J.: 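First the structure, which I've put down as structure tokens, then a few questions once you've had a look.
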Amino acid sequence: MTGIGVMRWAHDPGPPRFSGMFNLGFHLGRHLGRELLQIVSRAGATLAGALLVIGCTGPSKTANTTPALRVYVLECGNVTINDLSLLTPGEDEGTAKKLTNSCFLIDHPKGKLLWDTGIDDRLGPEPVTVFNGGFDLSVTKPLLPQLEEIGVTPDEVDFLALSHFHDDHSGNANHFGGATLLIQRAEFDAAFGPNPELYGFDAKSYAELSAERARVLEGEHDVFGDGRVRILPAPGHSPGHQVLFIELEQTGPVVLSGDLYHFTGARERRTVPSFNADEAATRASMMAIESFLEARGATLWIQHDFEQISSLRHAPAYYD
Ligand SMILES: [Zn+2]
């Protein structure tokens, strides 16, 4: 299968349809006091977690294979959509649906890649309603302690890639300013241009990322040079939205969806959310990625799909 990177979508973002996706910053102040208390209790939880890791056994490795490649599934917040028709225009009006939010740590012999950073840990467990009442968001399991539990500090993350820059994916990005950012050209221009809010991006949520040191991509990118971890362009949800292909030895090939779809039913119906940047580009991306999945026999992990993601084993367990 020829990589889909040879495909080019000449898409014009056109006039952005909304401004301010989730705008979490406003809500964070009232959570900070509670956060201090949580830090204290987390310290105890972290020690317990570390002890658990010592006793944890993942799938056993066989000898004489290629060096281990692991994927850790991380919980990255809770999402309830209060009107599903935002994702399925013309259908499901007034229907609420529980979604989730997930991030992934890809541990390759040549380095560590963090895929998405979730909802800002500081939001805390009490649901906050955003996007004109469209979504309720909360964080019951912060990202950083989950990384700590698998022995990874933010400084040890070599590469950071966000499927896109909406703040349910960029929420904790500021902890990873030392990593090399892997970002598509169109996303870079939107996120680091003069008006990121026009694309629903909250520049504060990624202020610590260096535009100068970013590796700006023009399509497909082989992260570690051996073809096993590849970023694939899938524009439409945002101007430079991307997905991640991972060739796992035991598990088989997997693609992390970003927000190409938000839940399995959306994939089946090929619905395009009303707030996507470009509907035509979204449909082209859906076709391209579906072709890729079929050709590679790959499984799509839909990052916001509550039922599917809940069925996966989470860190400190892993897939290899
Ligand atoms: Zn999202």
Side-chain angles (χ1 to χ4, degrees), residues 16-25 27 73-89 96-104 114-121 123 127-139 141 143 160-173 183-184 187 190-191 196-197 199-202 205-206 231 233-244 255-267 271-279 281-282 285-286 289 300-310 312:
R17 298 183 190 177
F18 67 103
S19 68
M21 177 66 176
F22 293 140
N23 293 321
L24 295 178
H27 301 282
V73 182
L74 305 162
E75 185 177 318
C76 270
N78 314 300
V79 180
T80 296
I81 182 164
N82 296 316
D83 181 358
L84 190 56
S85 71
L86 285 168
L87 304 180
T88 58
K97 182 172 176 59
K98 185 173 175 58
L99 301 173
T100 189
N101 204 28
S102 52
C103 307
F104 301 84
L114 181 63
W115 177 259
D116 281 336
T117 67
I119 297 167
D120 192 322
D121 281 355
L123 195 66
V128 170
T129 302
V130 296
F131 204 49
N132 296 324
F135 296 88
D136 290 345
L137 306 180
S138 63
V139 176
K141 205 168 174 192
L143 173 62
L160 173 67
L162 307 184
S163 58
H164 63 296
F165 270 60
H166 287 160
D167 59 11
D168 54 324
H169 299 259
S170 67
N172 297 298
I183 180 172
Q184 299 293 329
E187 198 79 351
E197 70 282 358
Y199 301 91
F201 303 161
D202 176 4
S205 72
Y206 53 87
I231 292 173
H237 183 64
S238 68
H241 180 273
Q242 54 192 7
V243 301
L244 187 69
V255 171
L256 307 182
S257 69
D259 285 6
L260 183 66
Y261 310 105
H262 290 76
F263 64 106
T264 301
R267 183 185 182 193
T271 51
V272 177
S274 59
F275 52 89
N276 273 22
D278 186 324
E279 180 176 344
T282 302
S285 292
M286 287 173 174
I289 298 303
L300 184 68
W301 286 356
I302 301 176
Q303 294 182 222
H304 280 302
D305 187 287
F306 177 77
E307 288 79 12
Q308 187 192 26
I309 297 299
S310 298
L312 300 178

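For ligands, and for the atoms within them, numbers begin at 1 and follow the listed sequence. Computed from a predicted model, the values in this text were never measured in an experiment. Start at 1 with the first residue, then count along the sequence.
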J.: Can you name the one residue among T80, N78, T129 that meets side chain to side chain donor-acceptor pair (under 3.5 Å) with D136?
T.: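 The single option meeting the side chain to side chain donor-acceptor pair (under 3.5 Å) with D136 is T129.
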J.: Check Q184 against G240 and note the closest heavy-atom contact, atom names and distance.
T.: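 In terms of heavy atoms, the two residues are closest at CG-O, 3.4 Å.
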J.: Nearest N/O/S atom of H169 with respect to the Zn ion (ligand 1), by atom name, please.
T.: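 When I compare the N, O and S atoms of H169, NE2 is nearest to the Zn ion (ligand 1).
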J.: Looking only at heavy atoms, which two atoms of L137 and V130 are closest? And how far apart?
T.: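 Minimum heavy-atom separation between L137 and V130: CD1-CG2, 3.8 Å.
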J.: Tell me which N, O or S atom of D168 sits nearest to the Zn ion (ligand 1).
T.: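 Minimum-distance N/O/S atom of D168 relative to the Zn ion (ligand 1) is OD2.
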J.: So which N/O/S atom does D259 have closest to the Zn ion (ligand 1)?
T.: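 This residue's closest N, O or S atom turns out to be OD2.
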J.: Where does the angle between the aromatic ring planes of H164 and H241 fall among parallel (under 30°), tilted (30 to 60°) and perpendicular (over 60°)?
T.: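 Plane angle between 30° and 60°, so tilted.
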J.: At a threshold of 2.8 Å, where the distance has to be below it, does the Zn ion (ligand 1) have an N, O or S atom of H166 nearby?
T.: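 Under 2.8 Å: H166 has no N, O or S contact with the Zn ion (ligand 1).
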